[in-house]
Amino acid sequence: SNCQSFSARPVKKQVVEAVQGPTISDEGVTRSIATAGWWQPTVVLTKSAFRDVDVEFVAAHLARGGTSEPHTVRTLKLEECTLDVELGPRLCRLLVSGKHSLENVVIDGLSIPLREWLHGPGEDAAPITKVHWTNAAGQSMSLSIVLLSEFIKLGKACPLREVFLAPHICNHDAMLYLADAILTSDTGLQAVYLSSRVDVAALRAGKLTTIDFLTKDVSDVDVLFICELVRRMPVPDRQPGVHKMLFTNGAVSHIGVNAAARCIAEQPSIQELSFEANALDDVSCMMIERILRLNSPSLKVLDLSGNNITDAGVNWLGSGLGENTNLEVLKIQYCKVGDAGLKSMSMFLARNKTLKTLDMRNNLATDLIRKEYRSDRFLT
């Protein structure tokens, strides 16, 4: 094979304990770091709250190994360290810069061969083109993903083509940071795998028309990442762009719906949106009302079937529907809508003359009410 795949696995506990090196903790990085043996091959920073001066101090010691002799520290371990949204990227940019002697970084048990990332595994070996972070169960990957993002920002100098991530342990802000790295760099990255495959190359070329996450594992992380890419990715001339976004059979909540609302507001190509069989509730319907009030000229089909939507949620949907003149099909099957919800929706439907089908079959309304309001447009 002409490529190499790297799979990062959690470091076993006994291995971590067996490594010899200074541990810096509790009192803060800078106060402890001066007396730590930075000439050792491994340095551990644990439960430290970083500050600006700490990052600068770490940078200086990594560059010279804490002594007059360079290239001393080989492994840096960060365990339960706290870095804010500015210091995290700053530290990761330092690591990717290569201005240090590090060969490995271990972040909350996830081992990353930094030297191989930056310089390749050897003269006769192929570059690393795949990263697998799918089995780091229970670990926080936020800082790891920021580090990966900074690596991707190297553009053509980054050999990565595929990235596999476990979405259930991915921090929302970190995934937005990864999306930004993909959007703002001239990377050769082809695909990102979360609950399903995201064809980054096809999306960038404007040839990806359907995003289809038909999986029980689809989550808000998937939706946030996808919607950020679709929202900001320019569609090349004479290319169709994304027409359908289908997130079904998962655990998407109002957080994912809010991301979709932002995406639809700025991306005019989307014609169909589905959140069938997820974790949407009445709070989510408040976000969906925003989508309906946007009155996107392209959005024609919206599927909310199989969610925890009650009469209260239907009132929000009806409010948005009353202001919409472009949606043609709205599906709210297999929810928890009763008689009151069907009655109020019929009133909102009377104000909307452009909706062709409102499908509310298989809900909790009584037979008498369902028969009373059933029509060619209103399927009850």
Side-chain angles (χ1 to χ4, degrees), residues 8 23-34 36 38 43-64 66 73 75-102 104-112 114 117-118 131 133 136 139-155 157-158 160 163 165 167 169-187 189 192 220-221 224-225 227-229 231-233 255 258-259 262:
T23 298
I24 304 164
S25 61
D26 301 330
E27 297 180 1
V29 176
T30 306
R31 290 179 60 188
S32 308
I33 209 169
W38 278 76
V43 172
V44 182
L45 305 182
T46 178
K47 296 182 179 179
S48 298
F50 278 69
R51 299 169 292 170
D52 285 345
V53 65
D54 298 326
V55 173
E56 300 298 335
F57 207 88
V58 169
H61 277 261
L62 286 178
R64 60 188 178 87
V73 182
T75 299
L76 175 65
K77 293 188 176 184
L78 303 173
E79 299 175 352
E80 300 182 57
C81 291
T82 303
L83 292 97
D84 64 24
V85 293
E86 292 184 359
L87 294 183
R90 279 182 60 191
L91 180 59
C92 290
R93 282 192 291 272
L94 161 68
L95 297 177
V96 171
S97 71
K99 298 177 180 179
H100 49 70
S101 58
L102 288 177
N104 299 288
V105 177
V106 181
I107 302 175
D108 288 336
L110 195 63
S111 182
I112 303 167
L114 189 62
W117 274 22
L118 297 174
V131 168
W133 287 346
Q139 302 294 333
S140 171
M141 290 180 62
S142 300
L143 190 59
S144 305
I145 292 174
V146 174
L147 178 58
L148 174 66
S149 302
E150 290 298 331
F151 186 50
I152 290 173
K153 284 183 179 182
L154 295 176
C158 173
L160 286 182
V163 173
L165 300 173
I169 52 175
C170 294
N171 175 274
H172 293 172
D173 291 335
M175 291 307 296
L176 292 177
Y177 199 86
L178 176 60
D180 182 74
I182 294 172
L183 289 161
T184 58
S185 62
D186 186 18
T187 176
L189 191 67
V192 175
D220 289 327
V221 165
L224 281 168
F225 180 69
C227 287
E228 186 71 5
L229 288 179
R231 180 178 73 87
R232 294 176 51 192
M233 189 80 75
I255 297 173
N258 191 43
R262 291 185 62 199

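Quick caveat, the model's predicted, so the values are computed rather than measured.
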Those residues at least two apart in sequence (or on a different chain) that pass side-chain contact (heavy atoms from CB on, under 4.5 Å) with Thr75 are Thr42, Lys77, Asn104, Val106

Shortest non-hydrogen contact from [X] toward [Y]:
X	Y	result
Val221	Met175	CG1-CG, 3.7 Å
Ser142	Ala174	O-CB, 3.7 Å
Thr187	Ile182	CG2-O, 4.2 Å
His100	Leu94	CD2-O, 3.5 Å
Ala259	Cys227	O-CB, 3.7 Å

In Å, rounded to the nearest 0.5 Å, how long is the span from [atom1] of [X] to [atom2] of [Y]?
X	Y	atom1	atom2	answer
Arg232	Thr184	CZ	OG1	7.0 Å
Leu143	Leu148	CG	CG	11.5 Å
Leu118	Leu154	CG	CG	7.0 Å
Leu95	Phe151	CG	CZ	12.5 Å
Lys153	Asp186	NZ	CG	14.5 Å
Asp180	Ile152	CG	CD1	11.0 Å

| said: We want to know whether Glu150 and Tyr177 form a side-chain donor-acceptor pair, criterion being a heavy-atom distance below 3.5 angstrom. | reply: yes

For a side-chain contact (heavy atoms from CB on, under 4.5 Å) check, start with the C-alpha distance between Leu91 and Leu78, then their side-chain angles and the critical distance, and finish with the verdict. CA-CA 11 Å; Leu91 180 59; Leu78 303 173; 4.0 Å; yes

Exactly one of Val146, Val105, Ile107 clears side-chain contact (heavy atoms from CB on, under 4.5 Å) with Cys92, and that residue is Val146

ask   = If we only count heavy atoms from C-beta on, is the Arg93 to Val96 side-chain gap below 4.5 Å?
value = no

I'd like to check Asn171 versus Ile145 (side-chain heavy atoms, cut-off strictly below 4.5 Å). Are they in contact? no

- Task: Might you work through the side-chain contact (heavy atoms from CB on, under 4.5 Å) test for Leu178 and Leu165, ending with a clear yes or no?
- Result: CA-CA 11 Å; Leu178 176 60; Leu165 300 173; 3.8 Å; yes

